[in-house]
Engineer: 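Take this structure first; my questions come after.
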Amino acid sequence: MKSIENLISEATKKALASLYNAQTESVNITIQPTRKEFEGDFTITVFAFTQLSKKNPEVTGKEIGEFLKSELPIVDDYNVIKGFLNLSISKLYWLEFLKSIFNKNDYGLAKPAADAPSIMIEYSCPNTNKPLHLGHIRNNLIGFSVARIVEAVGNNVIKVNLINDRGIHICKSMLAWQKWGGGETPESSGMKGDHLVGKYYVLFDKKMKEEAKKLVAKGILEEEAENKTDLMDEAREMLRKWEAGDAETINVWKMMNGWVYDGFDVTNKTLGVNFDKVYYESETYLLGKEVVNEGISKGVFFKKPDGSVWIDLTPDGLDEKLVLRGDGTSVYMTQDLGTAIQRSKEYKFEKLVYVVGNEQEYHFKVLFLILKKLGYKWADGCYHLSYGMVELPEGKMKSREGTVVDADDLIAEMIKTAEEITKELGKIENFESAEAAQLYKTIGLGALKYFILKVDPKKKMLFNPRESVDFEGNTGPFLQYTYARICSLLRKAKDMGYSAAINVNDIAQKEKDLIIKAYEFPKVIKESATAYNPALVANYVYDIVKLYNQYYHDYPVLKEENADLRSLRIAISEQVGTVIRNGMWLLGIEVPERM
RNA sequence: GAUCCCGUAGCUCAGUUGGAUAGAGCAACAGAUUUCUAAUCUGUCGGUCGUGGGUUCGACUCCCGCCGGGAUCACCA
């Protein structure tokens, strides 16, 4: 079925050709929803056509409107205000449209064909030296939601994680645990593994600073002191041992990373995010070296006298960039080159999306440019989904100042608040305790996820703890509530023997508004997939929910005595419920059937 | 110093490839429940869209300058 916009657009071109004898190949026709203060459903801006018609906008609009009205059966009427041609689409058409999507539980969600393009999305990418925090939550939620959205427009999606499980930071935790841990484990301490390891990372930092302070007192420069501590030496020594494959070091490393993975799994499972494939840096960090050699022979890279390898990007307006250290060891760029190339061999993807914070924009610009210069065709399909930092009312999160919002704490807090508010409202007296616990989780996480996803990923966002636990207005629980209320309505309808049906030939304005809104759903998903922006879906769901609540308030459904009207209202309610459920699915937010 | 991003109501955010009188939520105030879930709905208050130019029939949107905030430019990750 052709979209209305297409029909209108084509008919308008026909009008221009037949009325004004115009060439319409290159004419761009802008069609937008009519603003609600005017009569009509779609609006064509006619200013641009006055050159073709040689008449003023009013007259041009009228002539085109008249043409469309007689030519297009779906156009019932039109009016022209200033240069705007407002078209009213026939109510019968909207009812037909409603019929066409009605009972489709997966409305808006396309199933990817087997031969559909593949898109790889990398997100999360934590270090294993400390637990996840609010920044990771934003990353996880964006990555997971974008994956669903991209899938819903018909792509095959491969969700991947790249865990930074090696390096000096992990050695710091290990060293501190060996020195002062006394053999403590998650079991013996009762601590979640990632938090336990994080505790030793913090302890290392504290002890090292104490040592550095003494060095400064002895006259060593402050900026050099930390690097000159014995503790840092020991940590570096441990890293060397790790790289040399020292058995004892590897064992401790494996054990402590295992604790961290168990911890991450719990957090990710609670958040509801997952991956198709997990990469570990310990397995990929050597990958890029060969590529560097190839690059030298291809003349893309060059070697400096000290042996370090560089690429000159000054012709591209960037700097010279190091791709391999003088001692032959990798830098970040080396690994990322190698990993990307390996992935391209493992999976045939058309796009590779990196969900990474905007502080790394330069890095990815360079990475993609190098891949392109190395001749990889798929480099054009690489995209850095660069999201803004999460800030707190008192400023940025700083681990040194202890202002980092821990992911597990935050999630627990949201769930607790959901419980308190639910109990306060006294809505679920007849719930089993397990059912109630599930509901608190659904609501608490719904609030958190929606709070984060409703903001454009590209923008930095302010996380105000007080506002995040607000469950009224433009919030996740508000959307969930509307869904639950629809479910309740449908349950009652069923009990009363009423069913949904579309047997009318007239509808109220608010009903038409809702159908039009539902009509926009697939379009919104497409836009949101193109822009990798879940906020478009979030804001859309909010819009339709707001419209529906007004409708719910103004129009009785079950109390309506006219059976046809009643059935129509049930049908509309059910359809809105489907849109809410599927929209929330795209955001990774669950919806409760009662709350 | 160079490059990039951001600046919309007291606060948090929307605002489609440039379109009509710039919209929501929160906060404040005033209302609506014998009626399908009031986590709801309605109303009031709130704006020189940072600022000055330019392009255009038309600019929050595009271009240039300036002001303010942030990020990046490591043989760190």
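So you know, we letter chains A, B, ... as the sequences are listed, proteins then strands, and number each from 1.
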Engineer: Donor-acceptor pairs under 3.5 Å, side chain of residues 556-568 of chain A to any protein atom, not counting sequence neighbours: which ones?
Structural biologist:
| from | atom 1 | to | atom 2 | distance (Å) |
| --- | --- | --- | --- | --- |
| E560(A) | OE1 | R569(A) | NH1 | 3.0 |
| E560(A) | OE2 | N562(A) | N | 3.0 |
| N562(A) | OD1 | D564(A) | N | 2.9 |
| N562(A) | OD1 | L565(A) | N | 3.1 |
| R566(A) | NH1 | E560(A) | O | 3.2 |
| S567(A) | OG | S499(A) | O | 3.1 |
| S567(A) | OG | A563(A) | O | 3.0 |

Engineer: Which part of the nucleic acid does L462(A) contact within heavy-atom distance under 4.0 Å: base, sugar-phosphate only, or nothing?
Structural biologist: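 The residue L462(A) makes sugar-phosphate contact but no base contact.
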Engineer: What integer number of Å spans the P atoms of rA2(B) and rC66(B)?
Structural biologist: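 So the two P atoms sit 11 Å from each other.
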Engineer: Measure the shortest side-chain to side-chain distance between Y280(A) and Y285(A) over non-hydrogen atoms and say whether it is less than 4.5 angstrom.
Structural biologist: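 No. Closest side-chain heavy atoms not under 4.5 Å.
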Engineer: Under 4.0 Å between any heavy atoms, over every strand shown, what does I443(A) touch: base, sugar-phosphate, or nothing? Just pick one.
Structural biologist: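 Counting heavy atoms under 4.0 Å across all strands, the contact made by I443(A) includes a base.
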Engineer: Both L439(A) and P457(A) contact RNA chain B. Which one's nearest nucleotide lies toward the 5' end?
Structural biologist: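 It is P457(A) whose nearest nucleotide is closer to the 5' end.
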Engineer: Once you round it to whole Å, what is the distance between C1' of rA14(B) and CZ of F451(A)?
Structural biologist: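 Roughly 15 Å, once rounded to whole Å.
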Engineer: Please determine, for the side chain of E361(A), which listed nucleotide (rU72(B), rC4(B), rA77(B)) has the closest atom?
Structural biologist: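 Per side-chain heavy atoms of E361(A), the pick is rC4(B).
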Engineer: Please encode protein proximity along nucleotides 18-25 of chain B as a string of B, S and -, counting only heavy-atom distances under 4.0 Å.
Structural biologist: -BBS-SSS
Engineer: Is N161(A) reaching over with its side chain to a backbone N or O of C125(A), donor-acceptor style, under 3.5 angstrom?
Structural biologist: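 Such a contact is found between N161(A) side chain and C125(A) backbone.
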Engineer: Reading RNA chain B from 5' onward, which residue's closest nucleotide shows up sooner: N164(A) or D456(A)?
Structural biologist: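 Of the two residues, D456(A) wins.
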Engineer: Whole angstrom is fine here: how far is it from CG in N358(A) over to P in rA77(B)?
Structural biologist: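 It works out to 20 Å between those atoms.
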Engineer: Rounded to whole angstrom, note down the P distance from rU16(B) over to rC62(B).
Structural biologist: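 Pairwise P distance, rU16(B) against rC62(B), rounds to 9 Å.
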Engineer: Can you tell me if R325(A) touches the phosphate of rA77(B), counting only side-chain N or O atoms and a distance under 4.0 Å to OP1 or OP2?
Structural biologist: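 Yes.
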Engineer: When you compare rC4(B) with rG65(B), how far apart are their P atoms, in angstrom units rounded to a whole number?
Structural biologist: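 Per the computed distance, 11 Å lies between those P atoms.
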Engineer: Could E58(A) and K82(A) be called an ion pair, given the rule that one side-chain N must be under 4.0 Å from one carboxylate O?
Structural biologist: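 Answer for the salt bridge query: no.
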Engineer: As a test of reading the structure: which of rG7(B), rU17(B), rU37(B) is closest to the side chain of N28(A), going by heavy atoms?
Structural biologist: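 Per side-chain heavy atoms of N28(A), the pick is rU17(B).
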Engineer: Identify the two heavy atoms, one from Y201(A) and one from S173(A), that lie closest to each other, and give their separation to 0.1 Å.
Structural biologist: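 Here Y201(A) and S173(A) meet closest at CB-OG, 3.2 Å.
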Engineer: Looking at K517(A) and E520(A), is any side-chain nitrogen of the basic one under 4.0 Å from a carboxylate oxygen of the acidic one?
Structural biologist: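 Salt bridge flag = yes for K517(A) with E520(A).
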Engineer: Using the P atom as the reference point in each nucleotide, state the distance between rC5(B) and rC41(B) in Å, no decimals.
Structural biologist: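 Straight-line distance between the two P atoms is 38 Å.
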Engineer: Just checking G167(A): base, sugar-phosphate only, or nothing, at a heavy-atom cut-off of under 4.0 Å?
Structural biologist: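 Contact class for G167(A): none.
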Engineer: Would you call E527(A) and K523(A) a salt bridge, using N to O less than 4.0 angstrom?
Structural biologist: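 The answer is no: the pair does not qualify as a salt bridge.
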Engineer: Have a look at Y555(A) and say if it touches a base, only the backbone sugar-phosphate, or nothing, with a 4.0 Å heavy-atom cut-off.
Structural biologist: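 Touches a base.
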Engineer: To the nearest Å, give me how far apart NE2 (H363(A)) and C1' (rA74(B)) are.
Structural biologist: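 Checked: the NE2 to C1' distance equals 13 Å.
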Engineer: For D543(A) and rU16(B), give me the distance from atom CG to atom P, rounded to whole Å.
Structural biologist: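 Taking CG of D543(A) and P of rU16(B), I get 13 Å after rounding.
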Engineer: Give each stem of RNA chain B as a range with a range, requiring at least 3 consecutive Watson-Crick or G-U wobble pairs whose two distances are under 3.5 Å.
Structural biologist: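 Counting only runs of 3 or more consecutive pairs, the stems involving RNA chain B are B:1-7 with B:67-73, B:10-13 with B:23-26, B:28-32 with B:40-44, B:50-54 with B:62-66.
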Engineer: How far, in whole Å, is rC26(B) from rA22(B) if one measures between their P atoms?
Structural biologist: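 Each nucleotide's P atom is 22 Å from the other's.
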Engineer: Output yes when at least one side-chain N/O atom of K492(A) is less than 4.0 Å from OP1 or OP2 of rU37(B), else no.
Structural biologist: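 Indeed, a polar side-chain atom of K492(A) lies that close.
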Engineer: Are any side-chain N or O atoms of N79(A) and backbone N or O atoms of E39(A), one a donor and one an acceptor, separated by less than 3.5 Å?
Structural biologist: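 Yes: the side chain of N79(A) pairs with the backbone of E39(A).
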Engineer: Return no unless some side-chain N or O of Q550(A) is found under 4.0 Å from OP1 or OP2 of rU42(B).
Structural biologist: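 Indeed, a polar side-chain atom of Q550(A) lies that close.
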Engineer: Expressed as a whole number of Å, how far does the C1' atom of rG15(B) sit from that of rA27(B)?
Structural biologist: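 Taking atom C1' in both rG15(B) and rA27(B), they lie 22 Å apart.
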Engineer: Answer yes when D495(A) and K492(A) have at least one side-chain N-carboxylate O distance shorter than 4.0 Å, and no when they do not.
Structural biologist: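 So D495(A) does not pair with K492(A) through a salt bridge.
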Engineer: Which nucleotide in the list rA77(B), rU17(B), rU37(B) gets nearest to the side chain of Y481(A)?
Structural biologist: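 So the side chain of Y481(A) is nearest to rU37(B).
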Engineer: So, does S488(A) get its side chain near the phosphate of rU37(B), meaning an N or O under 4.0 Å from OP1 or OP2?
Structural biologist: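 For rU37(B), OP1/OP2 do have a side-chain N/O of S488(A) under 4.0 Å.
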Engineer: Tell me whether T334(A) contacts the main-chain N or O of V323(A) through its side chain, where contact means a donor paired with an acceptor under 3.5 Å.
Structural biologist: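 The answer is yes, because a donor-acceptor pair under 3.5 Å joins these two groups.
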Engineer: When you measure from the side-chain N and O atoms of R491(A) to the phosphate of rC36(B), is any distance below 4.0 Å, counting only OP1 and OP2?
Structural biologist: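 Negative; the distance criterion is not met.
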Engineer: Between I170(A) (CD1) and rC76(B) (C1'), how many Å, whole number?
Structural biologist: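 Taking atom C1' of rC76(B) as the reference, CD1 of I170(A) is at 13 Å.
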Engineer: Base, sugar-phosphate, or nothing for T50(A), non-hydrogen atoms under 4.0 angstrom?
Structural biologist: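 Counting heavy atoms under 4.0 Å across all strands, no contact is made by T50(A).
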Engineer: So M389(A), base contact, sugar-phosphate only, or nothing? Heavy-atom distance under 4.0 Å.
Structural biologist: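 If one applies the 4.0 Å heavy-atom cut-off, M389(A) turns out to touch nothing in the nucleic acid.
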Engineer: Starting at atom NZ of K459(A), determine the distance to atom P of rG15(B), rounded to an integer number of angstrom.
Structural biologist: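 Rounded to the whole Å, the gap is 6 Å.
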Engineer: How far, in whole Å, is rG10(B) from rU56(B) if one measures between their C1' atoms?
Structural biologist: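 Per the computed distance, 35 Å lies between those C1' atoms.
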Engineer: When you get a sec, tell me which of rA77(B), rC36(B), rC41(B) is the closest nucleotide to the side chain of N549(A)?
Structural biologist: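 Among the listed nucleotides, the one closest to the side chain of N549(A) is rC41(B).
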Engineer: When you check the gap from the basic side-chain N to the acidic O, do K510(A) and D554(A) get nearer than 4.0 Å?
Structural biologist: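 D554(A) and K510(A): salt-bridged.
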Engineer: Determine the contact category for Y332(A): base if any of its heavy atoms lies under 4.0 Å from a base atom, sugar-phosphate if only primed atoms, P, OP1 or OP2 are that close, otherwise nothing.
Structural biologist: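 Touches a base.
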Engineer: Looking at CG of L385(A) and OH of Y383(A), how far apart are the two atoms once the value is rounded to the nearest 0.5 Å?
Structural biologist: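 Interatomic distance, L385(A) CG to Y383(A) OH, rounded to 0.5 Å: 5.5 Å.
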Engineer: So which nucleotide from rU3(B), rC73(B), rA14(B) ends up closest to the side chain of N539(A)?
Structural biologist: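 Looking only at heavy atoms from C-beta outward on N539(A), the closest nucleotide is rA14(B).
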